[in-house]
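The structure appears right after this line, and notes come after that.
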Amino acid sequence: RYFSTRGYVGRQPSFSMRRGARLGVLGGATSAGAPVWFTALLVTWSIVGTAAAHTTTRLLATGDDIRIDSGSPCRVTDFGAKGDGQTIDTTAINAAMRSDRCDEILFPAGHTFVTGTIVLHSNKVVTVEANATVKAAPRGGDHYLHPENNPWDQYQDFGHSHWSNSLIYGYRVTNVTIRGGGLVSGDGQLSQGNSKDGDACKMWGIVSSVDIVITDLRFEQGGWFTVLATNVTGLRIERLNVTAQRDGLDIVGCRDVLINNVTVTGGGDDALVLKSDFSVGEVLHSTNLTITNSVLSCGCNGLNFGSETVGNFSGVLWENITLTRAGKAGIGIVTMDGAHVSDVVFRNIVMTGTYTPFYFFIGDRLRRPDNATATPGSISNIVVDGVHASHASAGSKGNVSATADGMPGNGSTPFMIGPNITFVNLYIKSPGGGTAADASRDPPHHATQFPPRYLGVRPAFGWFLRRAVGLNFTNITLALDNDDGRPAMILDDADVTLDNVCAPRGTGTSWDVELRNGSTARVIRPGIGCPPLRVQP
């Protein structure tokens, strides 16, 4: 593991990684065994040993440009692309991409290039200059690659199972940078669901690749997925402005990832989500990922794990993120297919307008080949430090509070959420309006249905914790827009520590913390500057 959340006291996790001789270098090649080191906000490619002439060292530090010493770039117009906004330039663009003499392929400013699928090749820099546009070709003209055959497509939906039916496609490519300040537009031509042969349903489809950089670009109308990156090792996405239609960035079974300074708005589905499916025919674990300094807004989940969760997740940092809307969870961890999610830190998060601020859930959909023997996953060793959540939206689907809900055991030991989950320095303001009748509710647990709405109205206005062990709450303030007839917290088969927790008292409530089914709440310190919590004996 790259860092551990055990005994967390607010320190900065340290990320590092070392990889062997996989780095293709612009204009040359490295010696075998060249080390590559990754840190949370600085990626430095160091090349050591004897190398061929013109070998380039790429510094990928935040804010630095890529140095290229291979001479003048190849313009796609040199290969016959018109860039007039009308001509379909797919053939000319891909000729430039394939050319051995082009280390950099340039889409020059002042042009709009209409194209079908662009196929990426290794050891290339692709520059879309400011005031240049790459625009998706119209549907129905067979301008896009057909979906590849995938013998594993029964284990995830169509969108996650294919990559070639994209506007920009990379398969088994290494050392590719796409940059430049320009615009890539789906122009309403990319499907938001299953695409027909010859059409596309995503802007970027990148799979089984190494050392990919996407930076300093604007994306709009990306179809089902603006970016679908699956099984990528060494992925940097930085300084993007994404106006999504459905999903923003889907990072699936990837390792050594930095996402920094990204804005995602407008999408009807997830803004930025980490997943792991079986689309490449193996279990992929996601490790060493940093998402930071970003602004997100979406119709579903903001900062999310799942629901595709076959492989495990560890060593993940989400930091300095503003979330302005989420139609489901602001922060969500859902494990539905057996994944173990651990060693995760959320730090300095501001969220408004979320359906629920937190949603941790274990299910047993188990969409994987070994589903007959696989067991539900787990959520443990999580730190949430410094979250300000206000204007949570009750909406038309019920008053939904922060929730952690483990999996019933069906006669055996339940699959508990926890241990070692710490919430520290939180402010959560809920809409209120719940009734005493709501307080008696026992929400259902739908093992194969993960959305928060399936639990219905929660019996507590602040936190509903069920089948959870080893949860610690320190320096927590709960607040209400309106009076509420429910307790602040309900523990159902849960073990929790409370330290300096403040909560308003709703009219007619007997307890601030209600205990069900043998739950335990240990109060370390009463709330500072507020009435002490009334914990049910």
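Residue numbers run from 1 in the order of the sequence given. The analysis underlying the following values was restricted to heavy atoms, covering all of them including side chains, and did not include hydrogens, waters or symmetry mates.
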For [X] and [Y], which I'm curious about, is there any donor-acceptor pair between the side chains at under 3.5 Å?
X      : Y      : result
His340 : Ser378 : yes
Asp405 : His445 : yes
Arg179 : Thr127 : yes
Asn231 : Ser208 : yes
Thr115 : Asp89  : no
Thr403 : Arg458 : yes
Asn165 : His162 : no

Run the side chain to side chain donor-acceptor pair (under 3.5 Å) test against His121 and tell me which residues pass, sequence neighbours left out.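 Side chain to side chain donor-acceptor pair (under 3.5 Å) list for His121, sorted by chain: empty.
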
Flag, side chain of [X] to backbone of [Y], donor-acceptor distance under 3.5 Å:
X      : Y      : value
Ser279 : Asp277 : no
Thr117 : Leu145 : yes
Thr309 : Asp337 : yes
Asp157 : His160 : yes
Thr354 : Gly330 : no
Ser294 : Asn260 : no
Asn301 : Ala329 : yes
Gln245 : Gly223 : yes
Ser380 : Gly418 : no
Arg368 : Tyr155 : no

Does the side chain of [X] reach to within under 4.5 Å of the side chain of [Y], using non-hydrogen atoms?
X      : Y      : value
Asp256 : Leu235 : no
Ile259 : Leu272 : yes
Val242 : Thr263 : no
Thr352 : Arg325 : no
Ile178 : Val213 : no
Val134 : Leu183 : no
Trp318 : Val345 : no
Ile105 : Met97  : yes

Can I get a per-line list of side-chain donor-acceptor pairs under 3.5 Å for residues 166-173, giving both atom names and the distance, sequence neighbours left out?
from, atom 1, to, atom 2, distance (Å)
Ser166, OG, Trp163, O, 2.5
Ser166, OG, Gly205, N, 3.4

Between [X] and [Y], which heavy-atom pair has the shortest distance, and what is it?
X      : Y      : answer
Cys201 : Phe158 : SG-CE2, 4.2 Å
Ala326 : Gly302 : CB-N, 4.1 Å
Met416 : Val469 : CB-CG1, 3.9 Å
Ala460 : Ser401 : O-OG, 3.0 Å
Ser286 : Leu289 : C-CD1, 3.8 Å
Pro138 : Ile88  : CD-CD1, 4.0 Å

Residue from Asn261, Asn320, Asn348 passing side chain to side chain donor-acceptor pair (under 3.5 Å) with Asn293: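 Among Asn261, Asn320, Asn348, the one that satisfies the side chain to side chain donor-acceptor pair (under 3.5 Å) with Asn293 is Asn320.
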
Interatomic spacing from [atom1] in [X] to [atom2] in [Y] - rounded to 0.5 Å:
X      : Y      : atom1 : atom2 : value
Phe313 : Asp343 : CZ    : CG    : 14.0 Å
Asn381 : Ile421 : CG    : CD1   : 8.0 Å
Ile349 : Thr322 : CD1   : OG1   : 8.0 Å
Leu471 : Leu491 : CG    : CG    : 8.5 Å
Gln156 : Gln154 : CD    : CD    : 9.0 Å
Ile362 : Met336 : CD1   : CE    : 10.5 Å

Checking Asp187 now: which residues fulfil side chain to side chain contact (heavy atoms under 4.5 Å, CB included) with it, not counting sequence neighbours? Lys135, Ser185, Gln189

Does the ring center of Phe423 lie less than 6.0 Å from the ring center of Phe473? yes

Please evaluate residues Ile333 and Phe346 with respect to the criterion side-chain contact (heavy atoms from CB on, under 4.5 Å), reporting the C-alpha separation (whole Å), side-chain torsions for both, the decisive distance (0.1 Å), and the verdict. CA-CA 11 Å; Ile333 303 179; Phe346 298 89; 4.0 Å; yes

Which residues pass the salt bridge (Lys or Arg N to Asp or Glu O under 4.0 Å) test with Asp247, not counting sequence neighbours?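 Salt bridge (Lys or Arg N to Asp or Glu O under 4.0 Å) list for Asp247, sorted by chain: Lys275.
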
With Arg516 via salt bridge (Lys or Arg N to Asp or Glu O under 4.0 Å) - residues at least two apart: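 Counting only residues at least two positions away or on another chain, Arg516 forms a salt bridge (Lys or Arg N to Asp or Glu O under 4.0 Å) with Glu514.
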
Applying ring pair (Phe, Tyr, Trp, His ring centres under 6.0 Å), run through Phe361 and Phe450 and close with a yes or a no. CA-CA 7 Å; Phe361 186 86; Phe450 59 88; 8.0 Å; no

For Val262 and Leu249, what are the C-alpha separation, side-chain angles and deciding distance, and is it a side-chain contact (heavy atoms from CB on, under 4.5 Å)? CA-CA 10 Å; Val262 168; Leu249 310 180; 4.0 Å; yes

For Phe219, enumerate each residue passing the ring pair (Phe, Tyr, Trp, His ring centres under 6.0 Å) test, keeping only those at least two apart in sequence or located in another chain. Trp204

Going through the checks in order, is the side-chain contact (heavy atoms from CB on, under 4.5 Å) test met by Met407 and Asp364? CA-CA 8 Å; Met407 177 73 197; Asp364 69 345; 3.6 Å; yes

Decide side-chain hydrogen bond (donor to acceptor under 3.5 Å, both in side chains) for Ser307 and Arg365; before the verdict, give the C-alpha distance in whole Å, the side-chain angles of both, and the deciding distance to 0.1 Å. CA-CA 10 Å; Ser307 72; Arg365 180 179 60 189; 3.2 Å; yes

Apply salt bridge (charged side-chain N to carboxylate O under 4.0 Å, His left out) to Asp216 and Arg239, showing your working. CA-CA 5 Å; Asp216 297 295; Arg239 297 186 298 275; 2.6 Å; yes

Given Arg466, which of Asp493, Asp495, Asp442 fulfils the salt bridge (charged side-chain N to carboxylate O under 4.0 Å, His left out) condition? Asp442

